[in-house]
Amino acid sequence: MIVHWHRKDLRGVDNRALARAAQADRLVPVFVLDPTILEYASPVRVACLLEALADLRAWYRDRGSDLLVVRGNAREVIPSLAAERDAARVVWNEDYSGLAAERDEAVRAALEEEGIDHESVTDGLHHEPGSISPNEGDHYSVFSYFWKKWRDREKADPAPAPTTDELADLEDASESEANPIPSLSELGFDEPDADPPAVTRDAARERLETFCSDAIYRYADERDVPAAGTTSRLSTHLKWGTIGPREVYVETERALEDAPDEDARESVVAFRRQLAFREFYVHLLAFNPETVTEDFSGYESDLEWRNDPDELAAWRAGETGYPIVDAGMRQLRSEGWVHNRVRMLVASFLTKDLLVDWREGYDWYRHYLADHETSSDVAGWQWAASTGADAQPYFRVFNPTKQGREYDPDAAYIREHVPELEDVPADRIHEWPDLDTEERAELAPDYPEPIVDHANRREEAIATFEDARDEG
DNA sequence: CATGCATTCGC
DNA sequence: CGAATGCAT
């Protein structure tokens, strides 16, 4: 038999390593709850993980098999489990992010020491790092060139799910009873603040099919409007692997065929472009693992971050007095998810207006986002901070007031997340930082005063970045 | 408000 | 080869 080690591929359908192994021998699926990995987790993410595990276990049990859930260090658990069951091979799907890549190297070494065969394949993205590259060098650092090649390259079909016959019969295995999926508190985590949508196969398929039959056709026009609900919301499923990238792409092909007009077709392509962004960032991190903590493109001298603890606390709490910033920061806590335009805008506010080191923002996202991916979040934060691979110019600073007016004209998104402003008219909300203090107190006595003046802070930020550029 | 990246052009 | 071009969530 072959051991399939599940990691960020919590599904039986469209799972490449699983499908390949199934052709060779009976499968024993296993997931390892590794304390060294859990150290970097957070309540909301562990809650998602446990839900997805329970769902996957049920999927296997429906097929007369089971998912073994083992606690311990993967480098010990995987070889010993393979040896105990006399497995011919251990297979898994690649994870290119820093910590996982290190762990996998250690597991490979341990397996080799035991003389156990192993194999890993690319599954979480269409084109693996190194496969899309410029004429010279191993990866692109500018997205548009990457996109041209990604878009035109042929995509694989979804991988078939293993049949009942291909799965090891684990129905009576005492191991299954001996390794119940632990609870959040058993793993030492508090209940999360957020209550994110279900991380299950049914929820993932439902989301994908709903999105690809309707909203995808308006995606190009509406994706930047947080109140419109036109984004796919597939990020959490892609992160945990409750949906496979090939499944998603196939639905975009169907959507393209069914598209009513040229605008709708372009909209489908606009969505694919976002799928490509995700893969672009995986490549960037795979070839630049140090950028998890280091600036991608450094300035001549270190950036003089202000790092004011009170301002950071206000940003975290969603109490900055800038309505759309606060809406985003509160959505983060309540949903474990934030609309992407708002992610960019709150990131700009933290790194530019408040001049707080992007790593602080990254850590906060890492704690609260159910869909946190090292690759996407590091790249996103560094882009916002103008330290990224394809950084926005340092002098480009989001204007939170303009962004609010432009993308949330009716203030529906703001009001949904900032109840203090529920009864304040949209035009007042959008000019909030420019109103008189008395008027603000009258309109929304419980809502905070703006903690900074954006115009001043913008100037100061640009000056700070210029200083870092010139000296050295 | 710049600059660097990736490609294509021109010598 | 270097210059010119197009372009950047």
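Protein chains get the first letters and strands the later ones, always in sequence-line order, with residue 1 at the start of each. The analysis underlying the following values was restricted to heavy atoms, covering all of them including side chains, and did not include hydrogens, waters or symmetry mates.
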Measure from CG on Asp152(A) to P on dT7(B) and round the result to the nearest Å. 13 Å
Is any side-chain nitrogen or oxygen of Arg396(A) closer than 4.0 Å to OP1 or OP2 of dA8(C)? no
Using only side-chain N and O atoms of Asn340(A), determine if any of them is under 4.0 Å from OP1 or OP2 of dT9(C). no
Can you tell which of dA2(B), dA6(B), dC1(B) lies closest to the side chain of Arg458(A)? dC1(B)
Over how many whole Å does the gap from Phe398(A) atom CZ to dT9(C) atom P extend? 11 Å
What nucleic acid atoms does Tyr394(A) come within less than 4.0 Å of, heavy atoms only: base, sugar-phosphate, or nothing? nothing
Arg272(A) to Tyr249(A), cation-pi by 6.0 Å centre distance and 45° axis angle: yes
Can you tell me which nucleotide in dT9(C), dC5(B), dA2(B) comes closest to the side chain of Arg469(A)? dA2(B)
Hey, does the side chain of Ser144(A) come within less than 4.0 Å of dA6(B)'s phosphate (OP1/OP2), counting only N and O? no
Find the distance Gln382(A):CD to dT9(C):P and express it as a whole number of Å. 15 Å
Describe the nucleic acid contact of Glu136(A) in one word from base, sugar-phosphate, nothing, applying a heavy-atom distance below 4.0 Å. nothing
Would you kindly give the NE2-to-C1' distance between His139(A) and dC5(B), to the nearest whole Å? 12 Å
Do Lys239(A) and Asp377(A) pass the salt bridge (Lys or Arg N to Asp or Glu O under 4.0 Å) test, and can you show the C-alpha distance, the side-chain angles, and the key distance before you say yes or no? CA-CA 12 Å; Lys239(A) 185 254 157 30; Asp377(A) 287 343; over 6 Å; no
Parallel, tilted or perpendicular: which describes the rings of Tyr322(A) and Phe349(A), with under 30° parallel and over 60° perpendicular? tilted
Is DNA chain C part of any stem, that is, at least 3 consecutive Watson-Crick or G-U pairs with both distances under 3.5 Å, and where? B:3-10 with C:1-8
dT9(C) base to Arg223(A) side chain: any donor-acceptor pair below 3.5 Å? yes
Output yes if the stacking criterion (under 5.5 Å between centres, under 30° between planes) is met for Tyr145(A) over the base of dC5(B), else no. no
For Lys148(A) and dC5(B), give me the distance from atom NZ to atom P, rounded to whole Å. 17 Å
Base, sugar-phosphate or nothing for Asp224(A)? Non-hydrogen atoms, less than 4.0 Å. nothing
Between Arg201(A) and Trp59(A), is NZ or CZ placed under 6.0 angstrom from the six-membered ring centre and within 45° of the ring axis? no
Residues, nucleotides or ligands: over 12 heavy atoms within 6.0 Å of Arg218(A) CZ: yes
In whole Å, what is the span from the CG atom of Asn135(A) to the C1' atom of dT7(B)? 7 Å
Considering only heavy side-chain atoms of Gln274(A), the closest of dA6(B), dT3(B), dT9(C) is dT9(C)
Provide, to the nearest angstrom, the distance between the CD atom belonging to Glu466(A) and the P atom belonging to dT3(B). 10 Å
Give Tyr281(A) one of three labels, base, sugar-phosphate or nothing, depending on what nucleic acid heavy atoms sit under 4.0 Å from its own. base
Does a sphere of radius 6.0 Å around CG in Asp302(A) hold more than 12 heavy atoms from other residues, nucleotides or ligands, not counting ones at 6.0 Å or beyond? no
For Phe395(A) and dG4(B), give me the distance from atom CZ to atom P, rounded to whole Å. 12 Å
Once you apply a heavy-atom cut-off of 4.0 Å, does Pro393(A) come out as touching a base, just sugar-phosphate, or nothing? base
Please test Arg254(A) against Glu257(A) for salt bridge (Lys or Arg N to Asp or Glu O under 4.0 Å), starting from the C-alpha separation and ending with a verdict. CA-CA 5 Å; Arg254(A) 201 195 45 73; Glu257(A) 280 167 24; over 6 Å; no
Hey, which of Arg233(A), Lys8(A), Arg278(A), Arg343(A) is the one that makes salt bridge (Lys or Arg N to Asp or Glu O under 4.0 Å) with Asp371(A)? Arg343(A)
